[in-house]
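Working notes, beginning with the structure itself.
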Protein chains: 2
Amino acid sequence: MSRYDPSAFPPFAVTVDLVVLTVREHALCALVVRRGEPPFQGYWALPGGFVRPDEGLGEAAARELAEETGLRAQANHTQAEAPADLVRGERARGGHAQGAGAHLEQLATYGHPQRDPRMRVVSVAHLALAPDLPAPRPGGDARSARWAPVGELLGNGAEGGVPLAFDHAAILADGVERARSKIEYSSLATAFCPSEFTVGELRRVYESVWGVALDPRNFHRKVTGTPGFLVPSGGTTTRQGGRPAQLFRAGGATVLNPPMLRPEA
Amino acid sequence: MSRYDPSAFPPFAVTVDLVVLTVREHALCALVVRRGEPPFQGYWALPGGFVRPDEGLGEAAARELAEETGLRAQANHTQAEAPADLVRGERARGGHAQGAGAHLEQLATYGHPQRDPRMRVVSVAHLALAPDLPAPRPGGDARSARWAPVGELLGNGAEGGVPLAFDHAAILADGVERARSKIEYSSLATAFCPSEFTVGELRRVYESVWGVALDPRNFHRKVTGTPGFLVPSGGTTTRQGGRPAQLFRAGGATVLNPPMLRPEA
DNA sequence: GATCCTAGTCGTCTCCCTGACGATAAACAG
DNA sequence: CTGTTTATCGTCAGGGAGACGACTAGGATC
C-alpha cells in the first residue's frame, strides 16, 4: 500500500497549546485564558491556536507565546525543527540579556479523536518556563487571561479544582510533571528566575515547584558546588530583611550531574 | 480572533513514525524499511503511516507496530489518549505473558514545513522497545525490512552512515537518546528482554544500549538490590559456558530510585 | 578425572554525596 | 544594643557506587 499517498489523506487540524509556567508568590502558576465561544464557553483553557501552513511547530508555539505574554521564546533542545533564527537554549542562556526570554520546549502531542467535539484536532503541546513577569496582564488580545496556581487548577486535594476546557487539565498535569522532574537533573530552574538572582531565590523556585521545604544550607552547598550551574555576577542584594546575598546568573551547564534530589521518601 | 474556527483551518496530514529498538548480538538495532516509491525511493526509512480519522495517536502507533512486527503493543504511560483496551505498562508487565509484547510510548512530533516535499505532514513519532524477535523477518507486507544497528544508521564516527529518508535520522537519534536516558531511571531495560532473563542478559542490554562495559559484580548488586526491579522466577539456566544463572522476571517497579548510573565521566 | 575456561555471585574497602544540624555573618527593626 | 531575619560556612554520620578480590558451578580439553 502507498504509505504517503499525497492525494488521499485524512485531513487534520493541527494546533499548539501552551503550558506556560512561572513562580509567583511562592506558588507555581500557569497561564490560562478564558474561552469566549463554544465549546467550553466561559471555561479557562490553555493558550494556543492553529499552526499556520508555512510555520514549524516550534515557531507556532513561539508565536503564540509572544502573542500571549510578550515573551521572546528561546527554543530549546528537544526534537523537531529548530528554525535557524531561534538560538538553542544552551547558547542563548549565556549570551543574551534574557529579560524577555523564556524556555520553550515541546511537551507532547494529544490527538484523541473526540478531544474536540467539532472536528479532528491534533494539538502539539509545548511547555514554557518564564520568570515572574513584571506585567501580570498577559493577554495580547481582548480575551481575559490570568496566572492561576496550578494547585488551584488541578485540585491537589479532593476536588478537581477549576475545570479546564478540552483535555487541557491532562496537558497541564503533564507539563507540571515535566517541569518538576526536569529541574531535578537540569539547570532549568534558572528559567524561572530573572537574569540575576540569589541562591535563596533559586531555592524558593525549587520549593514552589516541588511543593516542599529545602534545607537552605545543603541547598546552598549543592548549587554553588555544581560546576557550571551558577556563576557569581559580582553584586549583592539587600532585598528582604536579612544579610545581603550574592548575585548569580545561570552558568553554561544544562545538565546537573549529580542531580538535585527531590525529597519525598 | 477565533482560535478554533471549525470552517477555515489549514489541513495537515498526520502520520505516526516508529522507532522500534531491540538488542541483537550485543548491538542496539532499529527497524527500518526500504521505500519503494518516491520521494526517497530506495532509501531506508522508519516504519509508519497515516493516522486514520477514527483512531488515536497511540492506537495508530500500536497498529503500525503490529503490522510491521507482529508485536502487540503495551501502550505506556506518557501523555495523550490511552484507549481503554490497551493496558498501562505498569500493570501489563506483571500480568500477561509478554511474549509478544513491547513497550510503546510517544516520542516527539516533527512538523517542519518542508520535511515532506509533497505536502505538509506532521509526524508523531513513537518509541517502541522490543525483545529480540524470534522471527527476524519483520515486514508484514511486501516491502523489505531489516534490523539495522543504530551505529550503522547514525554513523557513530565520521560519516553519517546509511542515509535515511526525510528527517528520520533525527527522529531515530532522538529515540535512541530517549532510550539511553530512560533505562537510567526506569526499569525499561527489561522491555528488551524476554519474559525470563538473567542478570547477565540484562547487563548486556545496558552495555549494548549505552555502548559501555559494566562491572558484573556491581551491576549484580545494584539490580538485585533495587526493590521491585527484579523478582526471581525460581529457575536457572545454562546458556553459555559458565555457571548457571538465576532467572528473573521484571518486577512491578517502574522507576529506579536511586537510578542506574551511566558511566561516562 | 584433573585442569582450564567461562560466567555468576558474594564480600570488602574507600570515596563522595547527602541529610541533619550547629555556628557565624551581615543587614534591619525596635 | 538586642532581637530577628536571611545568608553562608563547617562538621559529622550514613548510604551508595566504583574498584576489585574471592569463591562457585557449569562445560571444554587433555
Side-chain angles (χ1 to χ4, degrees), chain A residues 25-26 183-185 193 196-208 210 212-249 253 255-265, chain B residues 25-26 183-185 193 196-208 210 212-249 253 255-265:
Chain A
E25 298 159 14
H26 216 283
I183 64 174
E184 284 188 71
Y185 57 89
C193 296
E196 288 197 335
F197 53 90
T198 68
V199 173
E201 288 168 351
L202 184 62
R203 176 169 50 82
R204 278 181 282 278
V205 165
Y206 274 92
E207 290 178 332
S208 303
W210 284 344
V212 297
L214 300 175
D215 185 289
R217 299 155 291 192
N218 293 335
F219 183 85
H220 188 277
R221 177 184 57 189
K222 172 69 178 174
V223 296
T224 57
T226 299
F229 192 6
L230 302 181
V231 292
S233 72
T236 58
T237 336
T238 312
R239 268 188 251 278
Q240 36 263 22
R243 164 177 169 178
Q246 203 177 351
L247 284 173
F248 296 86
R249 58 181 73 241
V255 298
L256 266 36
N257 211 335
M260 296 286 307
L261 291 186
R262 165 160 43 165
E264 185 239 348
Chain B
E25 298 160 14
H26 215 284
I183 64 174
E184 285 189 71
Y185 57 89
C193 297
E196 289 197 334
F197 53 90
T198 68
V199 173
E201 288 168 349
L202 184 62
R203 177 169 50 82
R204 278 181 282 278
V205 165
Y206 275 92
E207 291 178 331
S208 303
W210 284 344
V212 297
L214 299 175
D215 184 288
R217 299 156 291 190
N218 291 336
F219 184 86
H220 188 275
R221 176 185 57 190
K222 172 68 178 175
V223 297
T224 57
T226 300
F229 192 6
L230 301 181
V231 292
S233 72
T236 58
T237 336
T238 313
R239 268 188 250 279
Q240 38 262 24
R243 164 177 168 178
Q246 203 177 353
L247 283 173
F248 295 87
R249 56 183 73 237
V255 297
L256 265 35
N257 210 334
M260 297 287 306
L261 291 186
R262 165 160 42 164
E264 186 239 348

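Lettering of chains follows the sequences in order, A, B, ..., and the numbering in each one begins at 1.
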Report task. Identify which nucleotide among D:dA19, C:dC17, C:dT9 has an atom closest to any side-chain atom of B:R221, counting heavy atoms from C-beta outward. Result -> D:dA19
Report task. Consider the side chain of A:P216, meaning its heavy atoms from C-beta on, and name the nucleotide among C:dG8, C:dA27, D:dT8 that approaches it most closely. Result -> D:dT8
Query raised in the report: Does any non-hydrogen side-chain atom of A:E201 lie less than 4.5 Å from one of A:V205?
Result: no
Query raised in the report: Between A:L261 and A:W210, what is the shortest heavy-atom contact and its length?
Result: O-CZ3, 3.8 Å
Query - Presence of B:R243 side-chain N/O under 4.0 Å of D:dG27 phosphate oxygens OP1/OP2 - result: no
Report task. Could you state the atom-to-atom distance from CZ of B:F197 to P of C:dG8 in whole Å? Result -> 14 Å
Report task. Examine C:dT18: is either OP1 or OP2 under 4.0 Å from a nitrogen or oxygen in the side chain of A:K222? Give yes or no. Result -> yes
Query raised in the report: From D:dA7, D:dG18, C:dG8, pick the nucleotide closest to the side chain of B:N218?
Result: D:dG18
Report task. Would you indicate whether the side-chain heavy atoms of B:T198 and B:L247 approach each other to under 4.5 Å? Result -> yes
Query raised in the report: Mapping B:G242 and B:L261 to their closest nucleotides on DNA chain D, which lands nearer the 5' end?
Result: B:L261
Query - Distance below 4.0 Å between A:H220 side-chain N/O and D:dT8 OP1 or OP2 - result: yes
Query raised in the report: So, is B:R262 near the phosphate of D:dA17, with a side-chain N or O under 4.0 Å from OP1 or OP2?
Result: no
Requested in this report: Would you kindly give the CG-to-C1' distance between B:L230 and C:dG8, to the nearest whole Å?
Outcome: 14 Å
Report task. Run through B:K222, B:Q246, B:H220 and flag the one making a side-chain contact (heavy atoms from CB on, under 4.5 Å) with B:V199. Result -> B:H220
Query raised in the report: Can you tell me if the side-chain N/O atoms of A:R217 get under 4.0 Å from OP1 or OP2 in C:dA23?
Result: no
Report summary line: To the nearest angstrom, the CG-P distance between B:D215 and C:dT12 comes to 17 Å
Requested in this report: Please report, rounded to the nearest Å, how far the P atom of D:dA19 is from the CZ atom of B:F219.
Outcome: 16 Å
Requested in this report: Please check the phosphate of D:dA7 (OP1 and OP2 only) for any side-chain N or O of A:R204 closer than 4.0 Å.
Outcome: yes
Report task. Quickly work out the A:N257 CG to C:dC16 P distance and round it to whole Å. Result -> 15 Å
**Report entry** Min side-chain heavy-atom separation B:Y206-B:R262 under 4.5 Å
**Finding:** no
